[in-house]
Structures are given as C-alpha cells and as structure tokens.
Amino acid sequence: PAEVVYDDPKGRGRLLVMEGDITNLAIDAIVSNDDVDGQMYTVIASAIRERAGQDVEDQSMSQGPFKLGRAWFTDAGSMTWIDGIVHVAAMDRRGDTDIDTIRACMQAALAETTRQRLHSVGVAAFGTRVREKRARDAERGEIPRPERKGVTLYEWLEAIAEVTVHIGDGDFGDGLE
C-alpha cells in the first residue's frame with residue numbers, strides 16, 4: 001500500500017511513498033536516473049531499460065550529452081501501459097552525484113512532466129545506493145570501494161519534500177534549458 005507523505009492543500013497533487021517495482025506501476029511516466037550521456041546503467045535505470053527495451057536507452061543517448069540536473073523525455077518502448085520515460089542526468093560519467101544534483105533533477109523532472117502534460121510519475125530513490133552500500137560494507141568490516149559521491153535516503157527524502165512544495169506553483173528552478 002502507498003503512504004501519502006504530502007497532500008497539497010489546494011488539491012493540485014500529492015506525494016505517495018511505496019515499496020515495489022517501479023516498472024509495474026499504472027502511472028503516466030517513470031523517472032530514469034541516467035548519466036550525463038543518457039546511459040541507463042544504474043540499478044534503477046537498468047531495470048527500466050530491461051523492461052522497456054534497448055531502444056529507450058538509444059533514444060536517450062541520441063539526445064545527449066546533458067548538463068547535470070537536466071531532464072528529457074523518450075517514449076516508453078515496450079512498456080505500453082505508460083506514456084513515456086522522463087530521464088534525468090543524475091550523475092557524472094563516474095557515477096557520482098550529490099544532493100544539489102538530486103534536487104535539480106527532481107525540479108527538472110517535474111517541469112518535464114508538466115511540459116508533457118503528464119499527471120502521475122513514478123520516481124525511485126535514485127542516488128542513494130552508493131552511500132548506503134558503503135555503509136553496509138563498512139559495518140561488515142569489508143574494505144570499502146573507492147569513495148564515490150551519493151546521498152543517504154534521508155537526504156533524498158528531504159530534497160524531494162523541498163521540491164514537492166512547489167508542485168503547481170510553476171517554481172521548478174532552473175533545471176531547464
């Protein structure tokens with residue numbers, strides 16, 4: 001079941017949190033966290049590409065390269081139950097990201113969903129895996145991999161909450177070009 005974490009008092013939208021496979025949701029679009037070249041190699045983006053087909057990544061890459069924080073749109077490939085995929089440049093070519101980039105990505109993704117006239121969008125907690133995995137490795141006494149930038153789930157949720165309060169106000173920052 002989904003939990004409502006933000007319900008706009010003016011009735012313009014709400015933010016729900018749920019656990020599950022984002023590619024199975026009955027929504028208008030999914031956000032894919034790509035790199036600045038439009039490559040879909042993260043855990044989330046790979047799952048989307050696997051379900052939608054390689055053509056979606058080809059479409060994404062053909063529109064790049066992108067500035068960090070930028071959003072763009074492709075069709076949904078074989079995921080015929082959704083209208084399309086909103087891609088965001090969530091990390092550099094080394095796979096690094098930070099909280100400011102995540103915030104910019106969410107602003108740009110919301111602006112892109114507005115431009116595409118989409119009403120519901122699924123977003124996984126992208127950018128969190130790197131730091132969370134390092135913490136688990138350290139707890140187990142394993143030698144951590146070289147330092148890579150990422151955010152904690154808590155930081156990600158705070159950033160989403162900041163962006164969410166602007167839904168419907170037209171204040172999507174400067175994530176667009």
Flag yes if [X] and [Y] sit in one hydrophobic cluster, no otherwise; membership is Ile, Leu, Val, Met, Phe, Trp, Tyr, and two members link when side-chain heavy atoms are under 4.5 Å apart.
X    : Y    : answer
I22  : W81  : yes
L118 : V123 : yes
L25  : I30  : yes
L68  : M40  : no

query = In this structure, are over 12 heavy atoms from other groups packed under 6.0 Å from E50 atom CD?
reply =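 Atom CD in E50 is not crowded, with 12 or fewer foreign heavy atoms closer than 6.0 Å.
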Hey, does the side chain of [X] reach the backbone of [Y] with a donor-acceptor pair shorter than 3.5 angstrom?
X   : Y    : answer
D28 : H119 : yes
D98 : D100 : yes
S78 : A52  : yes
S60 : V56  : no

Please tell me if the side chains of [X] and [Y] come closer than 4.5 Å, counting only heavy atoms from C-beta onward.
X    : Y    : answer
T113 : V86  : yes
T97  : I102 : yes
D37  : R93  : yes
D34  : Q39  : no
K67  : V36  : no
I48  : I85  : yes
V88  : M106 : no

Set of residues satisfying salt bridge (Lys or Arg N to Asp or Glu O under 4.0 Å) with respect to R117, sequence neighbours excluded =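 Counting only residues at least two positions away or on another chain, R117 forms no salt bridge (Lys or Arg N to Asp or Glu O under 4.0 Å).
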For residues [X] and [Y], report the shortest heavy-atom separation together with the two atoms involved.
X   : Y    : answer
G69 : A108 : O-CB, 3.2 Å
S32 : A45  : OG-CB, 3.4 Å
A89 : C105 : O-SG, 3.4 Å
A76 : I82  : CB-CG1, 3.4 Å

Nearest 0.5 Å, please: how far is [atom2] in [Y] from [atom1] in [X]?
X    : Y    : atom1 : atom2 : value
D55  : D75  : CG    : CG    : 6.5 Å
M91  : Y41  : CE    : OH    : 4.0 Å
T101 : D92  : OG1   : CG    : 8.5 Å
F73  : Q116 : CZ    : CD    : 4.5 Å

query = Between Q59 and Q63, is any side-chain donor less than 3.5 angstrom from a side-chain acceptor?
reply =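 Note: Q59 and Q63 side chains miss the donor-acceptor criterion.
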request  = Mind checking side-chain contact (heavy atoms from CB on, under 4.5 Å) for Q54 and listing every partner two or more places apart, or none if nothing turns up?
outcome  =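 side-chain contact (heavy atoms from CB on, under 4.5 Å) check on Q54 returns R49, E57, D58.
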